[in-house]
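One structure is given below, encoded as structure tokens.
All residue numbers in this chain count up from 1 along the given sequence. Not measured: the values here are computed from a predicted model.
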Amino acid sequence: MLGATILHGVDATKMKLHTDLKMRKFDRIIYNFPHAGFHRKEDDAFLIRMHKKLVLGLFKNASGMLRPDGEVHVNHKTSPPFDRWNIEELASMHSLGLIECVDFRIEDYPDATEKFGVSGYDFEEVTKGTLRTGFARYMNETPNADIRGYIMRLEELHRMSIERLAWLRGSQSTSWFSSLRWTWIPGFRSASSSSTTHFTNDTNLLPLHMWQDEGKLVQLKGPGKKFNVFYVSPRVRKGEIEKLDKLEAGLGRIRASIREAVRNQNHLQSLEDPDYVPQGKIYRNDYIFHRSYLLMEKLFKIFVYEEGEPPLFHNGPCNNIYSTEGLFIHLMEINDKFRTKDPDEAHVYFLPFSVVMIIEYLFHPIIRDKAVLERTIGDYVRIISEKYPYWNRSLGADHFMLSCHDWGPRATWYVPQLYFNSIRVLCNANTSERFNPKKDASFPEINLITGEIAGLIGGPPPSSRSILGFFAGGLHGRIRAILLQYWKEKDNDLQIYEALPEGVSYQEMMNKSKYCICPSGYEVASPRIVEAIYAECVPVLISQDYVLPFSDVLDWDAFSVQVPVSEIPNLKRILMDIPEDEYLRMHERVKQVQRHFVVNDPPRRYDVFHMILHSIWLRRLNVQISR
């Protein structure tokens, strides 16, 4: 009458494989009074293990069958010996956080009779408590305003301490977040969340926020709401703690070494390096970068999970605008310097899925079901978190993913720990889409049209560049629309085209230009930035909320011109007002910075592959994982 479907013979420990259930998601999964059968007395250790195995199987299956904000409800007695089932701990093993525990009301079950399997038990006493656990592995794509404000306030707390799990409770939604302890390495700067080009000048360590109590209740204020946050210590195996302590002790010595270098850099000469010594205005702090880079080369170890099969995993495109995604995956897979086969000695763990390949093979252009990202990436994280201890040990904070696809950020939405805790290496580094430069890293979009990496570098000297500025590109996004509105084919010095005239070469136009205009399109990243650097044409960056690649090391103001969107009508005057000697200096710096954007196979020191690794290395140094 109510439209319900009744299925018989469903095994709670295997229900996600059931023919009628495996493709479905649920808001609530309810298991009344789980019991493995009365084989011995209830306080018998063997029987308790059987009960726990049953409940653990339930949570394992249910965690993959819930919609965002879905819940698992379990009716269970909480008095001894039933409290020895440790249901909260079993739930936490599968990313389920406790919402509340409410008293069982026998009057809510007027037709209930005792079905325990043995006489002598009072029904009301047996079912005294109801435990409710909430699951929030996946977030809604459009969180409500309360949760948005809530998340922003949470991030202001700097993630606090990795050993605390946060159970966050709101009026409309419940999500499970982890909190991290951030420690900033002096000498490297982080981007402001409200600007793409301005960085803080403070080189001191940011204050560390650490909860001292075993459990602490605080209130976070959202828009018109208050939210309770409760922190508790998770359980980690003793052996894993010892390994983690050893690893963190080594990283602690590295942090101390870099801090000491900052204090004494004025009294030290340049470090020795047979290939290249970073020097000059293109760096925010050339000495500290060099020091950190050499330590990375000596010590940094990355474990690549081997689970997953090509083409979705361990594979990616090596041509077109997404080429850096595939090239990094390929080069990381075959690397024998930084890659380790021993996960216990790794500093970070790479999730080798390709968003580009997931979209290419699983995304239907008509149906346009973006849930393919949720299913593929969510299942992958679940698999590695169940097979290995490392994800659960840090709640994903020492794991990283990499994507150059426009949907790279979206791909992480569905796994909150990946979204909030893990290092996300993205071309589309857009702070308005919650890119967090404190833990996420930006890397360049490079358009290798044919996949060929040779012969891309070089251009004529400044004396042969007669065009002030050049751009040619389609009407993609708001910024390009403004640029074309004001300048499309209207000026001989500032040559702006939506489509190049017949017979005109794009590369030749770049080689003839002093400045190459690089506006964002639909997304903030643009391959034109690297094209300009390759052609030794000074990039003119027009974007909003874009964290530029390697900007914790490189000073983009030294070799590029950054123009606010509001100043597009004055673009020609801005470029004309730059003195010739300043242009010549920027041109030389563009040639110097090329080495950091060059693709090599095999990789060479300081090239784009190593700069990506260094960005990940810095993010790992910037987070402490403690017990």
Side-chain angles (χ1 to χ4, degrees), residues 187 189 191 195-199 201 265-266 270 276-290 444 456-472 483 486-487 490-496 506-519 526 528-543 546 548-598 606 611:
R189 306 177 186 182
S195 170
T196 64
T197 59
H198 296 88
F199 290 75
N201 292 321
Q265 62 179 311
N266 294 332
S270 297
Y276 175 71
V277 176
Q279 288 180 330
K281 296 291 186 179
I282 67 170
Y283 302 106
R284 296 191 175 280
N285 189 318
D286 50 13
Y287 178 83
I288 299 303
F289 166 54
H290 197 192
L456 302 177
I457 306 298
S463 58
S464 301
R465 296 177 181 267
S466 57
I467 300 173
L468 176 64
F470 164 70
F471 168 78
L483 178 67
Y486 280 97
W487 296 106
K490 294 179 180 179
D491 193 283
N492 290 329
D493 295 320
L494 201 59
Q495 299 200 18
I496 307 296
Y506 182 86
Q507 188 62 45
E508 287 182 6
M509 290 295 291
M510 295 184 72
N511 289 339
K512 292 178 181 179
S513 302
K514 296 170 67 175
Y515 299 98
C516 288
I517 317 301
C518 306
S526 171
R528 285 169 173 75
I529 298 174
V530 175
E531 290 172 351
I533 292 173
Y534 282 1
E536 298 172 7
C537 179
V538 176
V540 177
L541 311 176
I542 309 177
S543 63
Y546 182 30
L548 292 161
F550 316 137
S551 50
D552 39 15
V553 167
L554 300 178
D555 185 355
W556 282 81
D557 288 335
F559 57 89
S560 69
V561 179
Q562 303 188 46
V563 176
V565 175
S566 60
E567 291 296 313
I568 288 177
N570 302 316
L571 181 58
K572 181 176 180 179
R573 178 182 58 78
I574 291 171
L575 298 181
M576 293 287 289
D577 287 347
I578 298 174
E580 183 67 14
D581 58 345
E582 176 60 23
Y583 160 71
L584 294 175
R585 284 192 292 269
M586 284 194 292
H587 179 265
E588 285 301 313
R589 292 167 187 164
V590 167
K591 294 171 64 176
Q592 183 185 359
V593 84
Q594 281 176 341
R595 71 167 55 243
H596 298 313
F597 292 89
V598 172
Y606 298 100
M611 292 297 288

Student check: side-chain heavy atoms of [X] and [Y] closer than 4.5 Å:
X	Y	answer
Ile529	Trp556	yes
Val561	Met586	yes
Leu575	Lys514	no
Arg465	His587	yes
His596	Tyr283	yes
Trp487	Ile568	yes

State, to 0.1 Å, how close [X] and [Y] come at their nearest heavy-atom pair, and which atoms those are.
X	Y	result
Gly458	Asn511	O-OD1, 4.2 Å
Val538	Ser560	CG1-CA, 4.1 Å
Val565	Ser543	CG2-O, 4.3 Å
Gly280	Asp286	N-OD2, 3.3 Å
Ser566	Pro569	O-CD, 3.5 Å
Leu554	Pro549	CD1-O, 4.4 Å

Spacing of [X] atom [atom1] and [Y] atom [atom2] [to the nearest 0.5 Å]:
X	Y	atom1	atom2	answer
Ile542	Leu571	CD1	CG	5.5 Å
Arg595	Tyr276	CZ	OH	5.5 Å
Lys512	Gln495	NZ	CD	8.5 Å
Cys537	Met509	SG	CE	10.5 Å
Ile282	Lys591	CD1	NZ	13.0 Å
Gln507	Glu531	CD	CD	8.0 Å

query: Has the side chain of Arg284 got a donor or acceptor atom that lies under 3.5 Å from a matching backbone atom of Asp552?
result: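 No; zero donor-acceptor contacts below 3.5 Å.
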- prompt: Counting only heavy atoms not in Asn492, do more than 12 sit closer than 6.0 Å to its CG atom?
  reply: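 At most 12 heavy atoms, drawn from other residues, nucleotides or ligands, come within 6.0 Å of this atom.
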- prompt: Has Lys281 got more than 12 heavy atoms of other residues, nucleotides or ligands less than 6.0 Å from its NZ?
  reply: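 Not buried by this count: 12 neighbours or fewer within 6.0 Å.
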message: Test ring pair (Phe, Tyr, Trp, His ring centres under 6.0 Å) on Tyr506 and Phe470; report intermediate values, then the result.
response: CA-CA 10 Å; Tyr506 182 86; Phe470 164 70; 5.6 Å; yes
field: Test side chain to side chain contact (heavy atoms under 4.5 Å, CB included) applied to Tyr515 and Ile467, Leu494, Leu468, Ile574, the passing residue
entry: Leu468
message: Could you check whether Glu582 pairs with Arg585 (Lys NZ or Arg NE/NH1/NH2 to Asp/Glu carboxylate O, under 4.0 Å)?
response: yes
query: In terms of ring plane angle, is the pair Tyr606 and His290 parallel, tilted or perpendicular, where the classes change at 30° and 60°?
result: tilted
task: Report the C-alpha distance between Met510 and Tyr534 in whole Å, list the side-chain angles of each, state the deciding distance to 0.1 Å, and finish with yes or no for side-chain contact (heavy atoms from CB on, under 4.5 Å).
output: CA-CA 10 Å; Met510 295 184 72; Tyr534 282 1; over 6 Å; no
message: Let's go through Leu584 and Glu580 carefully: what are the C-alpha distance in whole Å and the side-chain angles of both, what is the deciding distance for side-chain contact (heavy atoms from CB on, under 4.5 Å) to 0.1 Å, and is it a yes or a no?
response: CA-CA 6 Å; Leu584 294 175; Glu580 183 67 14; 4.1 Å; yes
